[in-house]
Amino acid sequence: MSAPLLSVSGLHVHYGAIHAVRGVSFELGRSETLGLVGESGCGKTSLARALVKLTRPSSGTVRFDGPPRKLQLVFQDPHAALDPRMTVRAALAEPLDIAGLPHARMPELLEAVGLGPELLPRLPRELSAGQRQRINIARALSVEPTLLVLDEPVSALDVSVQAQVLNLLSELQQRRGLTYLLISHDLAVVSHLATRIAVMREGELVELGPAEQVIVTPQHPYTRALLEAAARLAL
């Protein structure tokens, strides 16, 4: 059995007196999708930021089998993640320059996310929310990552656009062998892609298992409550 791409052990994140992440441990294998589910404020984003070193963990370890740039974060808000003063060309050039990769890759990156080169001179305000999130995904792909941490990547999008972006992520994973940590408050979103599901509550992982098992036969009362709430919303 090959070594995991990502190993997290006993991770804690404190913000002063706030204990946002409490002893989280899990492993992520290559080319799989782990869905991380929980209500707003449960510590999901704090965990994501710690994994990509935007936040320093208070204790615990994060081991990623690869150079740091191969682990990329796609943010929740597709508008805030882009500098409003930068064109699409400039937004794509930034990570390419940092990685020492040629600008000639820009049309290929846009094509990979279902967009055309005619968008290169445009500013974020000239794009739809779906297009902006596709640009953010293209930025993450520009450095040829092996693992994407997707922090609520479709929560700011309309339902129809959500499905399009989730289908895009599925296609990219198949074509490029990507590994995903997909973070969401929505079990329906996570079940669309996840091979395993982890459930987070008040900074702790309370359940972790194969996606079908967690959805069909949840073990923790909190997981059952999330599923019941999702079923009521679907009515």
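Counting begins at 1 with the first residue of the sequence.
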Hey, could you give me the CD/OG distance between E27 and S9, rounded to the nearest 0.5 Å?
-> 9.0 Å

Test item: T55 side-chain N/O and A50 main-chain N/O as donor-acceptor pair under 3.5 Å | no

Between OG of S142 and CD1 of I137, what distance do you get to the nearest 0.5 Å?
-> 12.5 Å

What one should report as the nearest heavy-atom pair of P153 and L150 is CD-O, 3.6 Å

Count the heavy atoms belonging to other residues, nucleotides or ligands that lie under 6.0 Å from CZ of R175, then report whether that count exceeds 12.
-> yes

When you measure from the side chain of H12 to the backbone N and O of G23, does any donor-acceptor pair fall under 3.5 Å?
-> yes

Pair L96-I98, side chain to side chain contact (heavy atoms under 4.5 Å, CB included): steps then yes or no = CA-CA 5 Å; L96 290 171; I98 292 171; over 6 Å; no

Should T146 and T179 count as side-chain neighbours, where that means a heavy-atom distance under 4.5 Å?
-> no

Write down the atom of V189, the atom of S184, and the distance for their closest heavy-atom approach.
-> CB-OG, 3.8 Å

Donor on one side chain, acceptor on other, Q173 and T33, under 3.5 Å = yes

Could you tell me whether R63 atom CZ has more than 12 heavy atoms of other residues or ligands within 6.0 Å of it?
-> no

Are any of the side-chain heavy atoms of I215 and I197 separated by less than 4.5 Å?
-> yes

Evaluate whether atom CD of E144 has more than 12 neighbouring non-hydrogen atoms of other residues, nucleotides or ligands under 6.0 angstrom away.
-> yes

Step by step, would you call K70 with F64 a side chain to side chain contact (heavy atoms under 4.5 Å, CB included)?
-> CA-CA 9 Å; K70 296 288 186 178; F64 174 62; 3.9 Å; yes

With a 4.5 Å heavy-atom cut-off, do Q72 and L147 have their side chains touching?
-> no

Minimal non-hydrogen separation, P78 against A156, with atom names = CD-CB, 3.8 Å

Main-chain N/O of D151 paired to Q76 side chain as donor or acceptor, under 3.5 Å | no

Transitive ILVMFWY side-chain link V165 to L119, under 4.5 Å = yes

Contacts satisfying ring-ring contact (aromatic ring centres under 6.0 Å, His included) that involve residues 106-146 (not counting sequence neighbours) are none

Decide, yes or no, whether a salt bridge links R22 with E202 under the criterion of side-chain N to carboxylate O below 4.0 Å.
-> no

Gap separating the CG atom of L34 from the CG atom of L182, nearest 0.5 angstrom = 9.0 Å

Using a 4.5 Å cut-off on heavy atoms from C-beta on, say whether the side chain of L82 contacts that of R139.
-> yes

With distance as the sole test, does K44 use its side chain to make a donor-acceptor pair with the main-chain N or O of E39 at under 3.5 Å?
-> yes

Over all heavy atoms of both residues, which pair between V21 and S46 is shortest? Give the atoms and the distance, please.
-> CG2-CB, 3.9 Å

Are the side chain of S25 and the backbone of G10 linked by a donor-acceptor contact shorter than 3.5 Å?
-> yes

Do E152 side-chain atoms and H185 backbone N/O form a donor-acceptor pair below 3.5 Å?
-> yes

CG (L127) and CD (Q133) are apart, to the nearest 0.5 Å, by 12.0 Å

Heavy-atom side-chain proximity of V199 to L205 below 4.5 angstrom = no

Above 12 or not: heavy atoms from other molecules or residues under 6.0 Å from CD of E111?
-> no

Under a 4.5 Å side-chain heavy-atom rule over Ile, Leu, Val, Met, Phe, Trp and Tyr, are V24 and V37 clustered together?
-> no

Should V52 and M200 be regarded as members of a common hydrophobic cluster, given that ILVMFWY residues are connected when their side-chain heavy atoms come within less than 4.5 Å of each other, either directly or indirectly?
-> yes

Common cluster, V143/L172, ILVMFWY with side-chain heavy-atom separation under 4.5 Å | no

Hey, are N167 and Q164 close enough side-chain-wise for a donor-acceptor pair under 3.5 Å?
-> no

So, does Q213 use its side chain to make a donor-acceptor pair with the main chain of P210 at under 3.5 Å?
-> no

Would you confirm whether E108, through its side chain, and R105, through its main-chain N or O, come within 3.5 Å as a donor-acceptor pair?
-> no

Determine yes or no for a side-chain-to-main-chain donor-acceptor pair under 3.5 angstrom, with D158 supplying the side chain and V161 the backbone.
-> no

Mutual orientation of the aromatic rings belonging to H19 and H14 [parallel < 30°, tilted 30-60°, perpendicular > 60°] = parallel

Carboxylate-amine/guanidinium contact R30 D65, below 4.0 Å | yes

Minimal non-hydrogen separation, L169 against Y180, with atom names = O-OH, 2.6 Å

Nearest heavy atoms of V149 and A48, plus distance in Å | CG1-CB, 3.8 Å

E212 side-chain N/O to T195 backbone N/O, donor-acceptor pair under 3.5 Å = no

Verify side chain to side chain contact (heavy atoms under 4.5 Å, CB included) between H103 and M106, making sure each step is shown before the conclusion.
-> CA-CA 6 Å; H103 288 192; M106 288 184 192; 3.8 Å; yes

Look up atom CG in D77 and atom CZ in R132, then write down how far apart they are to the nearest 0.5 Å.
-> 8.0 Å

In L120, V88, I135, the residue satisfying side-chain contact (heavy atoms from CB on, under 4.5 Å) with L115 is I135

